[in-house]
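Just so you know, these numbers use all the heavy atoms, side chains as well, and skip hydrogens, waters and symmetry mates. One-based numbering, in listed order, for ligands and for the atoms of each. This is a predicted model, so every value here is computed, not measured.
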Amino acid sequence: MNWKDYPYDFELEKITAQIKERGARRVGLQLPDGLKTVATSIAAEISDTTGTEVLISGNSCYGACDIDEKLESVVDLLFHFGHTDTFFLKTRVPALKEKTRTKVVFIELRSSVDVKPVVAKAVAEIKGDTVGLVSTVQHVHALNEAKEVLARVGKEAVIGKSRDLKYEGQVLGCMFSSAMVPCDDILFVGSGTFHPAGIALYTDKRVIAADPFTKQLNVLEADALRKKRYLAIARALDAKAFGILVSTKSGQFNPDEAVSLARKAVDKGLNAFVIAMNDITEANLLGFKLDAFVNTACPRLADDFSQFNVLSKNEFEVVLGVRSWESIY
Ligand code: SF4
């Protein structure tokens, strides 16, 4: 596939200008897994236009916090697609102890798709008069258009400030502060259920997810999601041996928290082992003889796993009896 066939702004002019300005002779490309199909066409374009060597990251890329640091350490510039730099600048602790931070250039991948049709379709699902409007960086620039569509049918839209992220109304799968606005329902403009499910749990509000690409709607109720998580906690109450998972990806690396959780479990007479790995997948965990896992990395893990029971830190503390059920969400 050619990058020109996709409805995203790959900012090839900015990339070329950066390479020339910084005198880069070797650059890296890191794309989200769903866009690796265009990696070779972007690499060819950059190489033809600038004469620079291009190295493509073949590793998984989970999100804004996941910089391919090994690749970063051997290139002059690393172009990281699909996320903003705010999160990275504030929180990343390089796993490789090198001064490489300024090498990363974020290409936000703004979408050119029209959000208005799916927002108009979503109106039928909105019960209240006031709506919180949120999105990922791909559509966040279009939230004002969404707001106008809602205003035309008498709905007041609120686009909240984010505590940690670059744009108003922007969310990540682990950061939802812009959704904490006074409103009846929340309208998430974007794809998938990971972000809207997290928002529903975080805000305790009904979330209407409107996908501008497929024009599909999905309504997520906090109660139903909470019940699913309570079930996961209940299943873990009989577990005797836990694996505490640590991701070695730079922005998710949290060994101290994992060790502290393992200690708490041992204090309660349970077995707990800290397991560190780069890609935490079910396939990579198959060999371990454990009853349940605790995730200290990206919250998405719990969604991706079907064979193993995976709990968050707070959920695990409920299992250990050091936190109340009511306090997790
Ligand atoms: S922890 Fe997960 S949701 Fe949060 S920024 Fe990283 S990849 Fe995204």
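- Ser111 has its side chain within reach of Phe213: a pair of non-hydrogen atoms, C-beta onward, lies under 4.5 Å apart.
- If you number the atoms of ligand 1 from 1 as listed, the ones under 4.0 Å from a heavy atom of Gly173 come out as 3 (S).
- For Gln252, every heavy-atom contact with ligand 1 shorter than 4.0 Å involves the side chain, none the backbone.
- With a cut-off of 2.8 Å, atom 6 (Fe) of ligand 1 has no N, O or S atom of Cys174 in range.
- Following chains of ILVMFWY side-chain contacts shorter than 4.5 Å, one can reach Ile107 starting from Val54, so the two form part of one hydrophobic cluster.
- Inter-residue side-chain proximity for Ile186 and Val134 is flagged as met; some heavy-atom pair is nearer than 4.5 Å.
- Remark: Arg110 is positioned above the aromatic ring of Tyr167, its terminal NZ or CZ atom under 6.0 angstrom from the ring centre and at most 45 degrees off the axis.
- Contact annotation: the side chain of Val158 approaches that of Thr130 to within less than 4.5 Å [non-hydrogen atoms, C-beta and beyond].
- Below 4.0 Å from some heavy atom of Tyr62 lie the following atoms of ligand 1, by number and element: 7 (S).
- Taking backbone and side chain together, Cys65 holds no N, O or S atom under 2.8 Å from atom 2 (Fe) of ligand 1.
- Distances below 4.0 Å separate heavy atoms of Cys298 from the following atoms of ligand 1: 1 (S), 2 (Fe), 3 (S), 7 (S).
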